[in-house]
Protein chains: 4
Amino acid sequence: MKCSMEIDGVSPKALTILEAAVRVLAVHGFEATKIEDVAREAGVGKGTVYEYFDSKEDLFARAVQLATRMYARILREALENGTSLRDALERSLLASLQFCETSRPVAQVLLDNPVGRAGASVREWLIDFRREMVGAIARTIRHHRGADFARDPEIAANVFLGALNNASLARILDDPEEYKGTVEEMARETLAVIMDGFGPDPARGEDRRG
Amino acid sequence: MKCSMEIDGVSPKALTILEAAVRVLAVHGFEATKIEDVAREAGVGKGTVYEYFDSKEDLFARAVQLATRMYARILREALENGTSLRDALERSLLASLQFCETSRPVAQVLLDNPVGRAGASVREWLIDFRREMVGAIARTIRHHRGADFARDPEIAANVFLGALNNASLARILDDPEEYKGTVEEMARETLAVIMDGFGPDPARGEDRRG
Amino acid sequence: MKCSMEIDGVSPKALTILEAAVRVLAVHGFEATKIEDVAREAGVGKGTVYEYFDSKEDLFARAVQLATRMYARILREALENGTSLRDALERSLLASLQFCETSRPVAQVLLDNPVGRAGASVREWLIDFRREMVGAIARTIRHHRGADFARDPEIAANVFLGALNNASLARILDDPEEYKGTVEEMARETLAVIMDGFGPDPARGEDRRG
Amino acid sequence: MKCSMEIDGVSPKALTILEAAVRVLAVHGFEATKIEDVAREAGVGKGTVYEYFDSKEDLFARAVQLATRMYARILREALENGTSLRDALERSLLASLQFCETSRPVAQVLLDNPVGRAGASVREWLIDFRREMVGAIARTIRHHRGADFARDPEIAANVFLGALNNASLARILDDPEEYKGTVEEMARETLAVIMDGFGPDPARGEDRRG
DNA sequence: GATGAATGAGGCTTCATTCAT
DNA sequence: AATGAATGAAGCCTCATTCAT
């Protein structure tokens, strides 16, 4: 087992196998994916997989870890590059939707099989992923708005993350009934709802918050 | 599991087995769950499972179907009973969070293993579930607001559904770092963000960067 | 278990089941035939089969026993009714071929699955059947020819029984390449070969027997 | 089992398994033989059997195919090496009886479980086997006798094949009541009956054929 | 007596893992 | 290091048998 914990320190061959694992997982899911499928997809022998990973569980956990890191990095960078809260959120929303288009297998593993349990470790990785993302979003909110933000940044971050995941999932599920537009349109309209909210009920005053 | 009513003509014994399947799936996930586990949980023999279901895949697909219907009904009823849009959304948000508390296994199967691929049929069921929920929420928006609603109801419905799922998932994942409050507090605060939105940047016309 | 050893003393319902068993065995063979198939074919419940037979092995052994007895009786009567050796042999040959036409399932079980081992008892029944038939044919030879018969009657009986079984099997296998004629033609021509033999080699004297 | 030559490109390991399968089938029959029995007999792991054969049905069908080919080749060579019709038939008869002694398991599978239905393919193989043998015998008759042969060669071939199979079966069933002599005696006496036939009835003229 | 729902032992088959090459 | 043939534990599923109705 040469594979270190650091993604960046993963040997090229191990990375080839991990990428193959992600692609196969995206198509067949955790339950149906066999080590041999991954080996074939990676163009190596079955035994070679075991040179780089301890077990099926290890391989799949690291594959999810890889997918998680790729996705998390993209979102984090988008959030950090924003010139305003709205800009940051729009960038990350757009980045996620584009990621679903360009790296569909990776996105599919993350959104489609969230805690599909190829062993408990996968669950832990995804809990960490959520926590990290919520933290990053809340930090972005505080950075741009600070005390001016009227709501609990954590709650707001969760609302945004939910909307982002849901929009991405809709894209992945490729449902032709919904979201027929471009990713840019989808990001813009979704963001508009998030920024403005649903608004107070115009007829009666009952939609006022207390 | 409160639900014991006839579901689409499923026999009582079959329902017992399905409920057991949901409970076991919630704990062990699709991959690790064995037919024998389900049989033991249901208090029947292994062979009996095969009297009512064609295969492991059939059983698990129907278990997800059952969980989906239970959850969808609860959300639909909450949306329909609302006296205003805010009330409807708050009711459904609260209902979902409470459902996660009282029927944690069912919720876990739905949120934790979304499209975990116990066969392709599970994926279809969950796509249907999303579409149905988005439709119900959009209908609720149109019913209470009609033309007054400034945004695309479908987009807004997706934002809300994402926030609802994410809040429920956070609850399920039982992450002690986030959301420490009661379900009522969580529902109220989450709803406040959704209704008001993040708001415009207070200082200048747009958000200021740091 | 009401079923006595004597076929003639078998209760009507047991006989119905046995006949059904023979029909199903003929189609699916020993390995693939399930008790439920037999019950359905007999038009009774699965449990009823166990009212009349101890086990699957018991049922199948008795079914083969029934088939054997039906076939053996027909051959024995044909042999006994012959007015000469040739007549007796022709009658039995014809009877066997006709039996294959009219009672194909029974013949199929006997010829197609001879010692197919639905338990060791089936093997014993078929050994007994062969012994009985060889004995009956040898007795017929002695009765009509006595000391005039130049060969060992047992050997001759075996040759005849082999030819008879082979002709019947060819009929059962329904091979369109061979034996295209009627059963009467087949019986007549087969018998002619048996009575006359292949004859001495005309060229040299080497086909003379010593 | 003497035969170890390549059969249709079967790998040596596959042949080892096939030979083991034949031996186990001979003892336990189709119904009672388990894959694990074959694996143990072959000295390999259970999984190894599945490296070389698709299923139990595939394995058993090929085992019967192997047995059929071994037996058919022996008979065909005996027929071809004969210097006269009588010699050819005697050689094949003797070869068959000796085969039953030296390769009892193979013979047992062929004679004892003829069309025992380990799947429909077995039936096809045995139909082919019979057709091939009848053809070879008929060809031998024509070769040595040509137009001098008074009877239909196909019919005669069937009579001979039946006698040969029956004699071999008697040997296999190991019935101590019959055929106590050596295989040479049995072959000689059986052949004498076949060559000379039963003869005309001496007393009256009724045994004359029309 | 007749039934068929329920059962679980046991078989076929898969596939993660090993290891000799 | 790389391989893939070999393995056997483990799981899905079948079906002979039972037994309450």
Side-chain angles (χ1 to χ4, degrees), chain A residues 1-2 11 13-14 17 31-40 42-60 118-119, chain B residues 11 13-14 17 31-40 42-60, chain C residues 2 11 13-14 17 31-40 42-60 118-119, chain D residues 11 13-14 16-17 31-40 42-60:
Chain A
M1 256 289 300
K2 306 294 167 49
S11 77
K13 176 94 61 152
I17 295 172
E31 177 144 36
T33 297
K34 288 160 264 183
I35 289 286
E36 188 160 13
D37 297 335
V38 175
R40 197 182 309 111
V44 301
K46 213 180 344 170
T48 306
V49 175
Y50 282 88
E51 290 287 322
Y52 293 94
F53 302 94
D54 289 339
S55 64
K56 186 186 181 184
E57 170 151 0
D58 180 44
L59 170 64
F60 284 6
Chain B
S11 76
K13 175 94 58 151
I17 295 172
E31 178 143 35
T33 298
K34 289 159 265 182
I35 288 286
E36 191 163 11
D37 297 335
V38 175
R40 197 181 307 111
V44 301
K46 210 187 338 174
T48 306
V49 174
Y50 285 90
E51 290 285 321
Y52 293 93
F53 302 94
D54 290 339
S55 63
K56 186 188 182 181
E57 169 154 358
D58 180 42
L59 171 64
F60 285 5
Chain C
K2 305 294 167 46
S11 78
K13 175 94 61 152
I17 295 172
E31 178 145 35
T33 297
K34 288 159 265 183
I35 289 286
E36 188 160 13
D37 297 336
V38 176
R40 196 182 310 111
V44 300
K46 214 183 340 172
T48 306
V49 173
Y50 282 87
E51 290 288 322
Y52 292 94
F53 302 94
D54 290 339
S55 65
K56 185 185 181 183
E57 170 152 359
D58 180 43
L59 171 64
F60 283 6
Chain D
S11 75
K13 175 93 60 148
T16 302
I17 296 172
E31 178 144 35
T33 298
K34 288 159 266 184
I35 289 285
E36 190 163 12
D37 298 336
V38 175
R40 197 181 308 110
V44 300
K46 212 187 332 174
T48 306
V49 174
Y50 284 89
E51 290 285 321
Y52 294 94
F53 302 94
D54 289 340
S55 63
K56 186 186 183 184
E57 168 153 0
D58 180 42
L59 170 64
F60 285 5

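Source: prediction; values computed, not measured. In what follows, chains are A, B, ... by sequence order, proteins preceding strands, each numbered from 1.
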Consider the side chain of A:S55, meaning its heavy atoms from C-beta on, and name the nucleotide among E:dT17, E:dC12, F:dT17 that approaches it most closely. E:dT17
If you measure from [atom1] on [X] to [atom2] on [Y], what distance do you get to the nearest 0.5 Å?
| X | Y | atom1 | atom2 | result |
| --- | --- | --- | --- | --- |
| A:K46 | A:D37 | NZ | CG | 10.5 Å |
| C:L59 | C:I35 | CG | CD1 | 5.0 Å |
| A:E31 | B:E57 | CD | CD | 9.0 Å |
| C:K34 | C:E36 | NZ | CD | 8.0 Å |

Inter-end axis angle, the helix from E:dA2-F:dT21 to E:dT21-F:dA2, with every axis fitted to five base pairs (rounded, 10 degrees): 0°
Could you list the protein-to-nucleotides 6-9 of chain E atom pairs, N/O on both sides, closer than 3.5 Å?
residue	atom	partner	partner atom	Å
E:dA6	OP1	B:K13	NZ	2.8
E:dA6	OP2	B:Y52	OH	2.6
E:dA6	N6	C:K46	NZ	3.4
E:dT7	OP2	B:G45	N	2.9
E:dT7	OP2	B:T48	OG1	2.1
E:dG8	N7	B:G47	N	3.1

Let me know the distance between [atom1] of [X] and [atom2] of [N], rounded to the nearest Å.
| X | N | atom1 | atom2 | result |
| --- | --- | --- | --- | --- |
| D:Y50 | F:dG11 | OH | C1' | 14 Å |
| A:D54 | E:dT17 | CG | P | 10 Å |
| A:F53 | E:dA16 | CZ | P | 15 Å |
| A:E57 | E:dT17 | CD | C1' | 15 Å |
| B:K56 | F:dA10 | NZ | C1' | 11 Å |
| D:I35 | F:dG8 | CD1 | P | 15 Å |
| B:R40 | F:dG11 | CZ | C1' | 13 Å |
| A:E31 | E:dA16 | CD | C1' | 15 Å |

Hey, which of these two, D:E36 or A:K34, hits DNA chain E nearer its 5' end, going by closest nucleotide? D:E36
For B:E51, which residues count as a side-chain contact (heavy atoms from CB on, under 4.5 Å) partner, sequence neighbours excluded? none
Listed by chain and number, what are the side-chain contact (heavy atoms from CB on, under 4.5 Å) partners of D:Y52, not counting sequence neighbours? D:S11, D:K13, D:A14, D:I17, D:T48
